[in-house]
Asker: 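Sharing a structure below in structure tokens format, with a few things to ask.
Bear in mind that the values here come from a model prediction, so they are computed numbers and not experimental data. Protein chains get the first letters and strands the later ones, always in sequence-line order, with residue 1 at the start of each.
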There are 2 protein chains.
Amino acid sequence: MPYFDAASSVPLHPVARQALTAALDEGWADPSRLHREGRRARMLLDAARETAAEAVGCRPDELVFTPSGTAALHTGIAGVLAGRRRAGRGLAVSAVEHSAVLHAAAAHEEGGGSVTEVPVDRTGRVSASAYEAALRDGTADGGTALACLQSANHETGTVQPVAEVAGVCAEAGVPLLVDAAQSLAWGRPEEGWSVLTGSAHKWGGPPGVGLLAVRKGVRFAAPPPSDERERGRSPGFENIPAVVAAAASLRAVRAEADAVAARLRPLIERVRAEVPRSVPDVEVVGDPVHRLPHVVTFSCLYVDGEALLHVLDRADFSVSSGSSCTSSTLTPSHVLRAMGVLSEGNIRLSLPPVPGESVEADVERFLQVLPDAVREVREQVNAPGTTAERSTAGQDGRARDEGPEDRAAPYGEQSAPAPEEGGRELTVNALGTVCPMPVIELARHFDDVPVGGVIVVLADDEAARVDIPAWCEMRGQEFLGVQGDRFRVRRLS
Amino acid sequence: MPYFDAASSVPLHPVARQALTAALDEGWADPSRLHREGRRARMLLDAARETAAEAVGCRPDELVFTPSGTAALHTGIAGVLAGRRRAGRGLAVSAVEHSAVLHAAAAHEEGGGSVTEVPVDRTGRVSASAYEAALRDGTADGGTALACLQSANHETGTVQPVAEVAGVCAEAGVPLLVDAAQSLAWGRPEEGWSVLTGSAHKWGGPPGVGLLAVRKGVRFAAPPPSDERERGRSPGFENIPAVVAAAASLRAVRAEADAVAARLRPLIERVRAEVPRSVPDVEVVGDPVHRLPHVVTFSCLYVDGEALLHVLDRADFSVSSGSSCTSSTLTPSHVLRAMGVLSEGNIRLSLPPVPGESVEADVERFLQVLPDAVREVREQVNAPGTTAERSTAGQDGRARDEGPEDRAAPYGEQSAPAPEEGGRELTVNALGTVCPMPVIELARHFDDVPVGGVIVVLADDEAARVDIPAWCEMRGQEFLGVQGDRFRVRRLS
């Protein structure tokens with residue numbers, strides 16, 4: 001039963017379990033009490049803080065424990081924005097941050113602040129110069145109070161140039177919050193951060209523990225209401241057993257990190273190389289060099305990601321698709337959208353960082369299973385290039401009854417002369433259909449347009465905005481733009 | 001090693017431990033994922049919600065899990081205040097609520113809202129008519145959006161008339177939030193609440209779990225930033241193992257509750273009766289009838305609470321003093337202050353609600369140890385009535401060097417004629433001394449004033465504001481009031 005969704009959550013590390021069990025016996029009392037049970041709890045809490053601070057690379061009194069990585073991000077962002085209110089109300093975040101950062105940014109905007117989104121390249125990487133420009137933009141709004149950057153992306157594994165961005169921030173006198181949730185297991189964050197956050201269940205610690213480190217000297221005003229626990233930065237009774245388990249497992253995971261990375265990285269490289277060879281119309285996304293050792297993500301044209309997840313689940317593979325934080329919605333991942341890459345049929349493999357003999361064999365079996373799984377899902381929707389499409393095009397019941405081809409106009413029928421092209425346009429109606437149907441309709445009718453001609457796809461599915469341009473990029477065709485629900489593509493070859 | 005601080009936190013219930021261990025294996029994955037690990041986690045979460053909802057007395061979709069009871073209170077209060085903003089900006093809270101409620105109220109005031117504090121009687125109990133008056137006050141500010149009342153007090157064990165107050169609130173159309181942290185272990189809350197909160201580590205569940213139930217129909221807007229987890233009311237990765245353990249242990253604790261209460265209640269009654277017999281100058285506080293079965297609180301005149309804690313700790317008793325939320329500060333408990341009872345030398349015994357053979361014997365031994373412990377602490381400060389005071393009054397080194405008696409003016413020396421008394425006043429200078437010294441100075445010099453005369457105590461210790469009036473009440477003397485640092489007391493007998 002291979003579990004390849006480690007970037008979402010991993011099973012408890014054996015060291016975490018051991019520490020948790022012990023701390024449940026010793027650390028259940030209120031650490032602010034003067035009695036022996038309280039003093040024992042306080043000692044465990046202090047020791048856990050020292051261990052975690054050492055792993056993060058900060059002083060113990062700079063670190064507090066929060067109930068989750070999300071809480072650490074929310075408090076970290078709100079705390080600096082409030083503490084540095086006089087410096088300005090600007091907040092700069094990369095376009096591929098975790099949704100917890102984007103939610104905090106949206107709350108800041110609702111409260112009257114301004115947010116600048118820093119773009120990424122097609123591999124999902126930011127540049128120091130883009131942050132420099134964003135900080136300049138912030139000055140126009142009265143100054144940037146805070147910049148945020150993840151250490152590595154949760155969907156693509158792309159590692160960000162934290163130290164370079166930190167340099168730009170330092171020069172501008174703007175503190176940098178680094179969301180290190182995806183990378184803390186692998187090593188100490190790069191230097192230069194002002195605020196750092198993490199989440200224990202990502203490295204094999206228990207759920208219920210986040211880390212929030214704030215460098216001395218950074219103006220910080222925790223959002224009210226607060227209490228006297230955790231330096232006034234994380235209200236509520238301390239979860240000492242979980243905190244002890246989190247700290248102990250972080251140390252243990254770090255000790256194993258290099259060996260685990262050396263084992264997983266070649267497996268990921270193999271997936272990156274092999275999938276495009278064995279599955280047609282696949283785009284492997286994320287930076288090929290600057291990447292986490294255990295994550296690989298690819299998108300498959302003409303595939304419904306959820307359907308592919310189910311087929312892989314039947315074959316015993318647990319993987320994820322799109323952004324974890326939008327899996328209950330129909331909108332495509334904001335990360336893939338920001339990168340400008342295909343979002344349909346998106347699959348992320350994130351290998352568990354625990355020692356185990358079967359990972360290699362499991363990855364090999366995944367590579368064997370994947371081509372048939374993708375073919376099966378494509379055939380369900382009569383995707384271009386499938387046997388189903390070639391032998392029964394136009395005859396498949398579902399496609400005929402509900403598919404858009406009945407509505408697709410024959411070449412030229414509904415089109416009007418397009419003066420700027422000097423030719424006519426083919427319009428394909430995919431309104432009311434969802435991913436991957438609009439792109440399938442585009443592909444299916446593409447050959448009906450002569451080279452140089454234009455095809456118009458009518459589509460109101462949110463994912464089409466990501467996937468039609470991405471299809472053009474993959475196919476070397478020209479995306480002319482979208483107006484309302486009209487996507488225009490020129491055939492170049 | 002008797003642990004008598006159950007109202008702060010109790011060790012993990014065996015059922016909680018068992019459930020936690022099992023759920024760590026089964027419930028570590030992200031419940032929003034579609035793969036089998038995610039589905040398994042989702043099932044555990046759903047089952048835990050049903051169990052907890054049954055215990056609370058609400059529908060599963062009315063209940064969310066938060067990272068702590070404090071978080072449940074903060075979100076519950078902010079959520080109703082935001083959701084009912086149009087109804088008004090008034091918030092009514094009893095004067096003896098948990099500090100988490102008072103912190104949320106302070107945040108509401110900072111944000112421009114108004115807060116009405118509902119007074120309590122000398123037993124710490126509110127009345128429905130006092131809430132009725134508070135809701136009327138709120139109307140003057142544009143309407144009360146929310147009223148808050150604890151089910152039972154954490155310091156005194158006093159049980160509040162929740163159903164009566166709920167009736168008054170319903171009549172006024174104001175939702176009532178009930179903080180049930182101290183009583184959920186003992187039974188379902190009384191009917192009539194609109195929002196209900198709880199905290200698992202108070203009933204033997206793990207830390208890291210709070211409950212927030214919001215009745216259908218109550219307008220609620222969770223404070224931003226939020227995410228899609230827990231109905232948008234509690235952001236961050238779900239702590240499923242802890243939630244499962246919390247729900248399972250709540251059910252188990254409830255099944256045992258009547259039997260445990262029947263065993264603990266007579267022990268508490270015995271302490272309430274015996275302590276005033278065996279220790280002079282003690283005030284047992286809290287309602288004698290409407291009370292939790294496991295809590296008893298008393299205050300000892302002329303005693304430094306922290307010093308008494310240490311002596312009892314040496315005798316192996318873990319008890320607490322004052323409010324748990326102010327133990328790191330020097331201010332007296334806001335609960336005792338609101339009740340108008342003595343705060344100095346305050347001790348709370350809260351017996352663990354777990355079956356165990358030694359509680360009876362431990363309580364007996366406590367009753368044997370207590371009189372000597374109090375005497376020892378009183379002798380350290382030369383308190384009135386101690387051997388030390390009788391034999392060495394004015395000669396004790398510490399008192400002579402640092403104590404206020406060198407500064408205490410002889411009768412009349414610093415006093416001016418007090419025309420309204422037609423007599424002279426004795427002024428005792430206790431400035432710069434802390435609890436219990438100002439009250440000791442008052443008592444020590446009290447006999448120097450004739451019946452009908454007035455003694456003035458100069459004191460700048462915060463606790464004197466509670467304890468000098470309380471001393472008068474206990475002694476049947478007349479407290480004339482305080483102006484600045486001048487406390488005036490008339491001798492009646």
Asker: Could you check which of A/His108, A/Arg17, A/Glu238 has the highest count of heavy-atom pairs closer than 4.5 Å to chain B?
Answerer: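 Greatest number of close heavy-atom pairs with chain B: A/Arg17.
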
Asker: Among A/Leu102, A/Asp5, A/Leu12, A/Asp227, which residue forms the greatest number of heavy-atom pairs with chain B at distances under 4.5 Å?
Answerer: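 When all of A/Leu102, A/Asp5, A/Leu12, A/Asp227 are compared, A/Asp5 has the most.
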
Asker: Taking all non-hydrogen atoms of both residues, which atom of A/Asn239 and which atom of B/Gly208 are closest, and how far apart?
Answerer: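 Minimum heavy-atom contact is ND2-CA, 3.6 Å.
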
Asker: Name the region of B/Leu73, side chain, backbone, both or neither, that has any atom closer than 4.5 Å to a heavy atom of chain A.
Answerer: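 Neither part, no heavy atoms under 4.5 Å.
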
Asker: Decide yes or no for A/Pro207 and B/Pro241: does some side-chain heavy atom of the first lie under 4.5 Å from some side-chain heavy atom of the second?
Answerer: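 Side chain of A/Pro207 against side chain of B/Pro241, heavy atoms only: contact under 4.5 Å found.
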
Asker: Examine whether an atom of B/Ala106 lies under 4.5 Å from a heavy atom of chain A, and if so say whether it belongs to the side chain, the backbone or both; otherwise answer neither.
Answerer: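 Neither the backbone nor the side chain of B/Ala106 comes within 4.5 Å of chain A.
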
Asker: Return the minimal non-hydrogen interatomic distance between B/Pro67 and A/Pro67, and the atom names on each side.
Answerer: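 The answer is CB-CB, 3.2 Å.
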
Asker: When the ring planes of B/Phe237 and A/His201 are compared, do they come out parallel, tilted or perpendicular, using 30° and 60° as the limits?
Answerer: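 Answer is parallel, since the angle falls under 30°.
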
Asker: Which heavy-atom pair separates A/Pro235 from B/Thr70 by the least distance, and what is that distance?
Answerer: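 Smallest interatomic distance, heavy atoms only, reads CB-CG2, 4.0 Å.
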
Asker: Against chain A, work out which of B/Glu37, B/Glu110, B/Arg36 has the most heavy-atom pairs shorter than 4.5 Å and name it.
Answerer: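 Top option by heavy-atom pairs under 4.5 Å: B/Arg36.
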
Asker: For B/Ser226, is there any backbone N or O sitting under 3.5 Å from a side-chain donor or acceptor partner on A/His103?
Answerer: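 Side chain of A/His103 to backbone of B/Ser226: a pair is present.
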
Asker: Using the ring centroid of each side chain, check whether B/His35 and A/Tyr3 are separated by less than 6.0 Å.
Answerer: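 Yes - the distance between ring centres of B/His35 and A/Tyr3 falls below the 6.0 Å cut-off.
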
Asker: Examine distances only and state if a side-chain atom of B/Ser8 and a backbone atom of A/Asp30 form a donor-acceptor pair shorter than 3.5 Å.
Answerer: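 Not at all, since once roles are kept as given, no pair shorter than 3.5 Å links the two residues.
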
Asker: Which atom pair, heavy atoms only, marks the closest approach of A/Ser9 to B/Ala29?
Answerer: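 Minimum heavy-atom separation between A/Ser9 and B/Ala29: CB-CA, 4.2 Å.
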
Asker: Quick check on the structure: residues of residues 308-317 of chain A within a heavy-atom distance below 4.5 Å of chain B, by number.
Answerer: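 When heavy atoms of chain B are the reference, residues 308-317 of chain A contributes A/Leu309, A/Asp313, A/Asp316, A/Phe317 within the under-4.5 Å range.
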
Asker: Check A/Ala107 against B/Pro224 and note the closest heavy-atom contact, atom names and distance.
Answerer: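 Where A/Ala107 meets B/Pro224 most closely, the heavy atoms are CB-CB, 3.8 Å.
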
Asker: For chain B, find which of A/Gly236, A/Ser68, A/Ser318 contributes the most heavy-atom pairs closer than 4.5 angstrom.
Answerer: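 Result: the option with the highest number of such pairs is A/Ser318.
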
Asker: Give, as side chain, backbone, both or neither, the part of B/Val209 having an atom under 4.5 angstrom from any heavy atom of chain A.
Answerer: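 Nothing of B/Val209, per the 4.5 Å heavy-atom cut-off to chain A.
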
Asker: What residue, out of A/Asp25, A/Thr21, A/Ile240, has the most heavy-atom pairs lying under 4.5 Å from chain B?
Answerer: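 The answer is A/Asp25.
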
